[in-house]
4 protein chains.
Amino acid sequence: MPVPASDTGSPPKSNRVARRRDRKVADILAAASEVLAERGYHDTNLDEIAERIDLSKATLYHYFPSKETLVMACMEAVGTEVNGKLRAIAADRSVPARDRLIALIKYQLDTIVHRSPHMASLFRQPLDWPEAYRERIRELQREHYSIFRSVVREGVKNGEFHVDDEAAAIHNLYGGMNYVPVWLRPTRKKDFSQMSQAVVDSLLRLFMSPGAAT
Amino acid sequence: MPVPASDTGSPPKSNRVARRRDRKVADILAAASEVLAERGYHDTNLDEIAERIDLSKATLYHYFPSKETLVMACMEAVGTEVNGKLRAIAADRSVPARDRLIALIKYQLDTIVHRSPHMASLFRQPLDWPEAYRERIRELQREHYSIFRSVVREGVKNGEFHVDDEAAAIHNLYGGMNYVPVWLRPTRKKDFSQMSQAVVDSLLRLFMSPGAAT
Amino acid sequence: MPVPASDTGSPPKSNRVARRRDRKVADILAAASEVLAERGYHDTNLDEIAERIDLSKATLYHYFPSKETLVMACMEAVGTEVNGKLRAIAADRSVPARDRLIALIKYQLDTIVHRSPHMASLFRQPLDWPEAYRERIRELQREHYSIFRSVVREGVKNGEFHVDDEAAAIHNLYGGMNYVPVWLRPTRKKDFSQMSQAVVDSLLRLFMSPGAAT
Amino acid sequence: MPVPASDTGSPPKSNRVARRRDRKVADILAAASEVLAERGYHDTNLDEIAERIDLSKATLYHYFPSKETLVMACMEAVGTEVNGKLRAIAADRSVPARDRLIALIKYQLDTIVHRSPHMASLFRQPLDWPEAYRERIRELQREHYSIFRSVVREGVKNGEFHVDDEAAAIHNLYGGMNYVPVWLRPTRKKDFSQMSQAVVDSLLRLFMSPGAAT
DNA sequence: GATGAATGAGCCTTCATTCAT
DNA sequence: TATGAATGAAGGCTCATTCAT
């Protein structure tokens, strides 16, 4: 009674192995992101990541050739996921630009608050990384940025938005959206989610021409 | 004999000594701030600070009992200076709130860009420090924040500004003002100074009720 | 049924298996020798050897119980091969001792240069190995040495050679023959092959009584 | 009663400190050379060096910025000392070239045997070092080589020596002189010193035209 | 037999901090 | 006051070896 017809030599095994490996990689990435989010890049050490998933530090090197690579993988994961979600939101032209922008902002706020601002700050800090990584990060940032910009532009084009200086407006949008005073976070998560709507409303003013100041 | 009348005997010497010591402390603080601004907290080590002022690392410990203390002193210096300047601007009630707010924003933008965002990020990163320092930093931040808030409130009170949610508006003001993507800074200093006015104009919309959207 | 008469039942299979195993062992040995020759002992790791023959590192342990054993096997292979060839050359008494010595030297020079001096240096470096291996290496060296010595002795006996101190002469022969400044090798392969004849000629002087010095 | 005229401010202290430092550096160098000689480069670790002179490993970094630098310093020390001594021997033109060559060889033999062949092998192994160090090592080697060559040339010029191919002759001289089968060394130190004269005599044949072969 | 996974032990290096002078 | 010297603790990385599948 040999092997069922549906199964063939190595592929199945290879599949299983690959799946198992992928799961492990995902676990590591999750743990690493967690620690990274809690401690920031410099205070994150491989021992802690390893310990969280009950692995030896050396084993991490079975999956990632360096700390840098591991961290970069975390950023890649977060970056592509976030950009993907944002792109999906931005792409639905049946929704008014304003509403899409609101959705984008809310998603971003949620991401920042829940994934922790540390993760976000990884994208802004000039770590001494190999140029290849730097470039990839910039790429992810440009992508992220361009999603917001595209919706803003559509809004401007169809009269939903009015800006004097698009770059400045988006700069401020970015700042407001990503501003999370890390110090306060642990004790004020609730406040932030409550403030969420108010923050969004306020940010929208950046894209509306001001009325009379009385 | 330029000794203060109230002191006799050793105090005169003590005075000179104190002056000398204060100058040294100032030198150290300046060097430390410089390195901190250039490299960021984690890439700053005492050797480099000491070397810049031609001092031995061990000597630093005559003036500051720990790296934490030294860095904290830098933050204290910057924080009180900035807060002082801002307070002076905010205090002049002869100037319309709007103009004062503009001045505050511009000063803050300049500070961020010229003192380097690294210094600013020190105030946002959750270093693993003793609670006493953490509290002092929060205090400086609250002070800083309250200056902006006071001017905003005045503006609201006298009808210059209109906000739906003061906290949200100031949050966004803060974000926009402090947002400096560290990655891009070195190559885009010019852009930032050029953008300065546009950013200010855009931020002001946060405090003006939006007009008709078409 | 190509089974040897003496074996029955499982042995046939065992035979094939053994052959297969032997071939694999040979492959591994070849790869290991290659890496050893390229990188030297300390810069050779099992991963690289395994990779070259498209095998898992763990699999190496099916054939060799340790890195030491594997390296020793390489040395055994090289040692016995070289000693075998040399012995064959030395054994042909129809050839004058002098010509045989020349052939021996040339063969050794070729071996050093082509198999790389790294391989040769394995025989000279005092690796922290179990005494058993050390002893085996000494044995191979003694064997190697004795081949040269035997030809030299024959030459001395039949008047082809003249030496004052056989041991010293052979020592110097050895040194000259095995001396390959590793640093220079990659860029000077040509020089070495060109120098080959000159080196041999020079070495022969060790075995000829000097003429008048003026 | 202030300071004696002969003593001035910092220099004396600086002198003492420098002396103390120099002594320590010398101690470290000695210990490092010892370990290097016993174990070879790859099996030498900083812990052992530090331990031998009762220092913390971290302290070594007070004197040498890296393992490489420390090892290089050892080589520099040995290289310059040996070259210096050899140069002194070679320079005395009142002595026949032949006698000077004998002295050179004997000094080199002694050096190899007493400082251990490991030290010598450092000069021949292609460690993965920064090019700057590689170049310096080559320089020391060239210097060393040129000393022997210069004496040989003088000998050839004044008829003391006869060679067919100078390069080949020196190559063999080098090989014979530096050939010390490390494996055997610990047990045969005596043999080597006894053989010393015989080896020298044998090597001299490289520089004398062979007489009739009977 | 083959291999992915896991790891302990070890190594080089950094750095804030202490201390004797 | 000033500093050279010293160090413990920690961190990133490598590698031969083991083991379950």
Side-chain angles (χ1 to χ4, degrees), chain A residues 10 13-14 16-21 23-25 42-50 53-71, chain B residues 17 20-21 24 42-50 54-71, chain C residues 17 20-21 24 42-50 54-71, chain D residues 10 13-14 16-18 20-21 24-25 42-50 53-71:
Chain A
S10 57
K13 171 194 150 196
S14 188
R16 289 232 177 111
V17 170
R19 259 204 308 277
R20 201 199 290 279
R21 184 182 181 90
R23 206 179 315 143
K24 205 88 190 187
V25 165
H42 284 96
D43 290 329
T44 291
N45 57 34
L46 295 187
D47 284 289
E48 176 141 7
I49 295 174
I53 46 182
D54 232 59
L55 266 183
S56 155
K57 185 169 51 169
T59 304
L60 292 184
Y61 283 85
H62 198 63
Y63 297 93
F64 297 93
S66 72
K67 184 186 179 185
E68 273 174 5
T69 311
L70 173 52
V71 174
Chain B
V17 169
R20 196 197 293 273
R21 183 182 179 90
K24 207 92 186 186
H42 284 96
D43 291 332
T44 291
N45 55 35
L46 295 187
D47 285 285
E48 177 139 7
I49 295 173
D54 235 58
L55 254 176
S56 153
K57 183 169 54 168
T59 305
L60 292 183
Y61 282 84
H62 278 283
Y63 299 93
F64 297 94
S66 74
K67 185 187 179 185
E68 278 170 6
T69 312
L70 172 53
V71 174
Chain C
V17 169
R20 198 196 293 274
R21 183 180 180 91
K24 206 90 187 187
H42 284 97
D43 291 330
T44 292
N45 55 35
L46 296 187
D47 285 284
E48 177 138 6
I49 294 174
D54 235 58
L55 253 177
S56 152
K57 182 170 52 169
T59 305
L60 292 183
Y61 282 83
H62 277 284
Y63 299 93
F64 297 94
S66 73
K67 185 186 179 185
E68 278 170 6
T69 312
L70 172 53
V71 174
Chain D
S10 56
K13 171 193 150 199
S14 189
R16 289 233 177 110
V17 170
R20 199 199 290 282
R21 183 181 181 91
K24 203 89 189 186
V25 165
H42 285 96
D43 290 329
T44 291
N45 57 34
L46 297 187
D47 283 288
E48 176 141 5
I49 295 174
I53 46 182
D54 231 59
L55 266 184
S56 155
K57 186 170 46 169
T59 304
L60 292 183
Y61 284 85
H62 198 63
Y63 297 92
F64 297 94
S66 72
K67 184 186 178 184
E68 273 174 5
T69 311
L70 172 53
V71 174

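Labels below follow one simple rule: chain letters A, B, ... track the order of the sequence lines, proteins then strands, and each chain is numbered from 1. Basis for what follows: all heavy atoms, side chains included, without hydrogens, waters or symmetry-related copies. Computed from a predicted structure; not experimentally measured.
- Considering only side-chain N and O atoms, A:Thr59 lies nowhere under 4.0 angstrom from the phosphate OP1 or OP2 of E:dA5.
- Rounded to whole Å, the distance from CG on B:Asp43 to P on F:dG11 is 16 Å.
- Summarising the geometry, the separation between CZ on A:Arg16 and P on E:dT3 is reported as 18 Å, rounded to the nearest angstrom.
- Residue-to-nucleotide proximity on DNA chain F shows that, of B:Asp54 and C:Thr44, the 5′-proximal contact is made by B:Asp54.
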Polar pairs (N or O, both sides) under 3.5 Å between protein and nucleotides 18-21 of chain F?
none

In dot-bracket form, 5' to 3', how is DNA chain F paired? Count Watson-Crick and G-U wobble pairs only if both distances fall under 3.5 Å, and write | where the partner sits on another strand. .||||||||||||||||||||
Test side-chain contact (heavy atoms from CB on, under 4.5 Å) on D:Val71 and D:Thr44 and set out the steps. CA-CA 10 Å; D:Val71 174; D:Thr44 291; 5.9 Å; no
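- Separating the CZ atom of A:Arg23 from the C1' atom of E:dG4 is a distance of 14 Å, rounded to the nearest angstrom.
- Atom CZ in B:Phe64 sits roughly 16 Å away from atom C1' in E:dT17 (whole-Å rounding).
- Listed here is the closest heavy atom pair of C:Ala50 and C:Ser56: CB-C, 3.8 Å.
- Within 4.0 Å of C:Thr69, counting heavy atoms only, lies no atom of the nucleic acid at all.
- When distances are taken from the side chain of D:Leu46 to each of E:dA16, E:dC12, F:dG12, the shortest belongs to E:dC12.
- One can place CG of A:Asp47 at 11 Å from C1' of F:dC13, the figure rounded to the nearest angstrom.
- Nearest-nucleotide positions on DNA chain E place A:Lys24 closer to the 5' end than the other of B:His42 and A:Lys24.
- Between the P atom of F:dG11 and the CG atom of A:Leu70 lies a distance of 15 Å, rounded to the nearest Å.
- Legend: side-chain hydrogen bond (donor to acceptor under 3.5 Å, both in side chains) pairs involving residues 58-68 of chain C, not counting sequence neighbours, sorted by first then second residue: C:Ser66-C:Thr69.
- Of the candidates E:dC12, F:dT17, F:dA5, the closest approach to any side-chain atom of D:Val17 belongs to F:dA5.
- Distance CD1/A:Ile49 to CG/A:Leu70: 5.0 Å, rounded to 0.5 Å.
- For A:Arg21, taking side-chain heavy atoms from C-beta onward, the closest of the listed nucleotides F:dA2, E:dA5, E:dC11 is E:dA5.
- In terms of the side-chain hydrogen bond (donor to acceptor under 3.5 Å, both in side chains) criterion, residue partners of C:Asp47 (sequence neighbours excluded) are, by chain and number, C:Lys57.
- Using a 4.0 Å heavy-atom cutoff across all strands shown, C:Tyr63 reaches sugar-phosphate atoms only and no base atom.
- Checked against F:dT7, F:dC13, F:dA16, the side chain of D:Ser56 finds its nearest nucleotide in F:dT7.
- Counting heavy atoms of neighbouring residues, nucleotides and ligands inside a 6.0 Å radius, atom CZ of D:Arg20 does not exceed 12 of them.
- In this structure, B:Lys67 places its NZ atom 15 Å from P of E:dT14, rounding to the nearest Å.
- F:dT14 atom P lies 18 Å from atom CG of D:Asn45, rounded to whole Å.
- Between D:Leu55 and C:Ser66, it is D:Leu55 whose nearest contact on DNA chain F lies nearer the 5' terminus.
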